[in-house]
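Beneath this line is the structure, given in C-alpha cells, with notes to follow.
These values consider heavy atoms only, across backbone and side chains, with no hydrogens, waters or symmetry-generated copies. When a ligand or atom number is given, it counts from 1 through the structure's own listing order. When a residue number appears, it is its place in the shown sequence, counting from 1.
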Amino acid sequence: MPHHALRPPTEILTRGFDPTLSVGSARPAVFRSSTYVFSTPEAAERAFDIATGRAQPAEGENVELIYSRINHPNAEILEAQVAPLEAGANSAAVFNSGMAAIMTAFLTFLRPGSTVVYTVPLYGGTMGLLRDFLQPWGITVCGVPAGHMTALEDAIHAATNLRIVFIETPANPTMTMTDIRRAADAAARHPDHPLVMVDNTFLGPAFQHPLLFGADLVLYSATKYLSGFSDLLAGIALARDPALIAQMRGRRIGFGNILQPDECWMLDGRLPTVALRMNRQSKNAQRIAESLVSHPRVRRMHYPTLFDDAEQIRIRLAQCDFPGALFSMELGSRDAAFAFLRAVKIAHNAVSLGGVETLVCHPKTTTHSGLTPEETKLSGITDGQVRVSVGIEDWRDLLSDFEQALDSIA
Ligand SMILES: *Cc1c(COP(=O)(O)O)cnc(C)c1O
C-alpha cells in the first residue's frame with residue numbers, strides 16, 4: 001500500500017474486505033447468520049465487554065462477533081467501504097432506512113427539553129418526526145426557511161438547550177441552498193455547542209461534502225443515489241468523530257434497526273458506481289433543464305445552474321461540485337402539472353429519486369402534502385410544480401419526451 005491516502009474510487013475497491021474471511025471470494029459473501037459461535041468463553045466475555053462499551057478494543061484486536069442485531073460482517077464491510085466516499089468521514093453506521101438513520105441520530109443526541117433548529121422544508125418523514133413525535137415528547141422545534149441565512153443564524157443564537165441544527169440542502173423541490181459553513185460557524189459560537197447534521201441525500205456523496213464545511217454528522221437515505229436502482233431501503237450516518245457513530249451504534253442495538261445482511265451486500269456492490277451514475281445523471285439533468293427553461297410552457301425552472309439570486313449562486317459555487325440530477329418546473333396550474341404527468345412516456349410518475357430510471361411527481365399532492373399551509377408557503381411549493389429525478393437514459397430521448405408532454409398541455 002502506498003503511504004499517501006488513496007482516492008475514494010480506489011479505496012472503495014481495496015479496503016474493508018479481506019477475501020480470506022470469505023473463502024477467497026473476490027467479492028464479499030453474504031453472512032445471513034443471526035448468531036455467531038465463540039472460540040472460547042473468554043472471547044465471548046470480551047466481545048460483550050466491548051459491545052456494551054465497558055471496554056475498548058486494543059489496536060488490531062480481533063473482536064469476535066456476537067449476534068446480528070449488534071453487528072455482522074456485511075455491515076462491517078459496508079461501513080468500512082462507504083466511509084471514504086464521504087470526504088472528511090472516519091466512521092459510518094448503517095441503518096435499515098434513511099428514516100431509521102435520522103431517527104436514531106435524533107434519539108441519540110437529544111435530551112428531554114432540548115431544542116432542534118432546522119431548515120424548512122425537510123423531507124416529509126423528518127418534518128413529521130419533529131412535529132408529530134418529538135415535539136409532544138418535550139423537544140422544542142424551530143423551523144427556518146431554507147436559504148435565509150440571517151434568520152437561521154438568529155434562530156441558532158436565540159435557542160436555549162440547543163442540541164441539534166438540522167439542515168437539508170438543497171431543499172426539496174425548489175433546490176434552494178443553505179450555507180453549511182455559515183450554519184456551522186453560528187453553531188460553534190453557541191454556548192451549547194450543538195451538533196450540525198446535514199441530510200445530504202440530494203447531492204452526496206459525489207457533489208457536496210458537508211463535513212468539510214464544519215458539519216458534525218452526515219445522514220443519507222441510501223435508498224436514493226447510493227443504492228441507485230430503486231430496489232432497496234437503507235440509511236447511513238457518517239462523521240469525522242468516531243465517538244458520535246459509536247454512540248449511534250449503541251442505540252442501534254437497542255432499536256434493532258441495523259441494515260440486514262442481504263441489503264448490506266447489495267448496497268456494498270453499488271458503491272463503486274455511485275460517482276459514475278451521479279455524474280451521468282447530473283450531466284443529463286443539466287442539459288435537459290437548460291433546454292426546457294426556454295420552453296413556452298415552463299414558467300420557472302428550479303435548477304442550480306439556473307439560479308438568479310446572487311447569494312444562491314455564491315452558495316452553489318462554494319458548496320457543490322456539480323448541480324445534481326433533480327429539477328422542478330413551474331407549469332402554472334395543477335391541471336397543467338397533471339396533464340404533463342399523464343403525457344410523459346419514458347419517465348414514470350413515482351415519488352423517490354436517485355435511481356437510474358427517470359421519475360416525475362407532483363410534490364404538492366404527494367411528497368409535500370403533509371405540510372401545513374404556512375410551511376407550504378415558506379417552502380415555495382405550488383400547485384403547478386412537477387419534480388423530475390433524472391436517470392441515466394439518453395438525455396436526448398428524455399428531452400424530446402418532456403417536450404412532447406409540455407406541448408400536449410391544453
Ligand atoms: C427518501 C429521503 C429520506 C428518507 O429515507 P428512506 O430511505 O425512505 O427512509 C430522507 N431524506 C431525504 C432527503 C430523502 O429523499
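- Close approach to S97 involves these atoms of ligand 1, each under 4.0 Å from a residue heavy atom: 7 (O), 9 (O).
- Between M99 and ligand 1, at least one N/O pair is under 3.5 Å apart.
- Checked by distance only, ligand 1 and S221 come closer than 3.5 Å through their nitrogen or oxygen atoms.
- Between A100 and ligand 1, no N or O atom pair is found at a separation short of 3.5 Å.
- Ranking the protein heavy atoms by distance from atom 15 (O) of ligand 1 puts K224 NZ, 2.7 Å first.
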I'd like to know whether D262 forms a salt bridge (charged side-chain N to carboxylate O under 4.0 Å, His left out) with R32, so could you lay out the CA-CA distance, the side-chain angles of the two residues, the decisive distance to 0.1 Å, and finally the verdict. CA-CA 7 Å; D262 288 291; R32 300 182 75 176; 3.0 Å; yes
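- Near A234, with a cut-off below 4.0 Å to any heavy atom, the atoms of ligand 1 are 7 (O).
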For a quick test of your reading: what N or O donor-acceptor pairs under 3.5 Å do the side chains of residues 144-163 make, sequence neighbours left out?
{"from": "E153", "atom 1": "OE1", "to": "R182", "atom 2": "NH2", "distance (Å)": "3.0"}
{"from": "E153", "atom 1": "OE2", "to": "R182", "atom 2": "NE", "distance (Å)": "3.0"}
{"from": "R163", "atom 1": "NE", "to": "F109", "atom 2": "O", "distance (Å)": "2.8"}

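- For the residue pair D199 / T126, no side-chain donor-acceptor distance below 3.5 Å is found, with atom types taken as modelled.
- Taking the ring centre of F327 as origin, the terminal cationic atom of R387 falls outside the region bounded by 6.0 Å and 45° from the ring axis.
- At the shortest separation from atom 12 (C) of ligand 1 among protein heavy atoms lies D199 OD2, 3.4 Å.
- Checking side-chain atoms of D401 against main-chain N and O of I346 turns up a donor-acceptor pair under 3.5 Å.
- The N/O atoms of T223, backbone and side chain alike, include one that comes under 3.5 Å of an N/O atom in ligand 1.
- Ranking the protein heavy atoms by distance from atom 4 (C) of ligand 1 puts Y123 CE2, 3.3 Å first.
- Taking a cutoff of 4.0 Å between a charged side-chain nitrogen and a carboxylate oxygen, R316 and E311 do not qualify as a salt bridge.
- Of the possible donor and acceptor atoms, none in the side chain of R46 sits under 3.5 Å from a partner among the backbone N and O of V63.
- Here is the list of ligand 1 atoms found below 4.0 Å of a heavy atom in E168: 13 (C).
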